[in-house]
Amino acid sequence: MTITYEVGAGLYVNVTNRCTNSCDFCVRSVVDGTYGELWLEREPTREEIFNSILSRELGRYSEVVFCGYGEPTERIDDVLWVAEELKKVSDIPVRINTNGHANLIAGRDVTPELAGRIDCVSVSLNTSNAEDYVKICHPVFGEEAFDGLLDFAEKAGKYVPEVLLSVVKGSIPDSELEECKKLAADRNIKLKIREYIT
Ligand code: SF4
C-alpha cells in the first residue's frame, strides 16, 4: 500500500481514493494500471499515515502535500491530526491539494481548524462558473459545489498563510481564464496556472 510518494521535491501523502467529484480528466479514470500503486486496498489509519511520513528523511523534501489519488478532505479530521502531530516534530511546510469541498463534506466550517497545522491550501478551480464545473467535475453536491469551493478558499485565507486557486493550463479557453483571474482577484486569492501532470 503506497501511503507516501515523491513528486518533485515534495513528499505526497495518499489518504483516500474517495472523492466528491468525478472529473473527466481525473487520473483515477485511467484504468491501464499506470496509477495502480496509488489505489489503496484500504484506507490507512491516521497512525499509519503519520508513521509513513516519519519513515522518510524529511530533510530531503521541501514540503509534505496531502494530495492522494482522491480528495484528502474526505478525511479532514485525520489529515488535521497528522498535520498537528507532524508540527510537533518537524518544521516542514504542510500543504493540502483539494477540490475545496471540505466544508460541504464535513457539514461545518473547518477552516479555523487549519490554523497552525496547514501552511498552504491549493484549491482546484478548474473552470470559471458553476454550470461548467458540474459538466466537467460532476460533483455530488451539484452546482452548490462551485460556490462552496470559492467560499472555502476565501475562509481558509483567514487561517492559512498561503491559499491558491488553480486551473490547468490549456484546459479552458482564454476568455474563461480571464474570468478565473477575476474570481480569484475579487477574493484576494492568488490564481495558479499549472501544467497538467501526466
Ligand atoms: S477532484 Fe481530483 S481526485 Fe477528485 S475526481 Fe477531480 S481530479 Fe480526481
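Note that the numbering runs from 1 along the sequence shown for the chain. Just follow the structure's listing: the first ligand is 1, and inside any ligand the first atom is 1.
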* **Nearest-0.5 Å distance, CD of residue E74 to NE2 of residue H101** => 10.0 Å
* **From CA spacing to verdict: side-chain hydrogen bond (donor to acceptor under 3.5 Å, both in side chains), S122, R95** => CA-CA 7 Å; S122 180; R95 170 159 58 109; 4.9 Å; no
* To do: Report yes if the side chains of E63 and V94 come closer than 4.5 Å at any heavy-atom pair, otherwise no.
  => no
* Within the structure, does at least one protein heavy atom fall under 4.0 Å of atom 6 (Fe) of ligand 1? -> yes
* Asked: Got a sec, which residues hit side-chain contact (heavy atoms from CB on, under 4.5 Å) with E85, two or more places apart in sequence or on another chain?
  -> F50, W81, K88
* Who passes ring pair (Phe, Tyr, Trp, His ring centres under 6.0 Å) against Y5, sequence neighbours left out? -> Y12
* Asked: Which protein atoms of type N, O or S are found under 2.8 Å from atom 4 (Fe) of ligand 1?
  -> C19 SG
* **For V140, the rest of its hydrophobic cluster, which grows through side-chain links under 4.5 angstrom** => L104, I105, F141
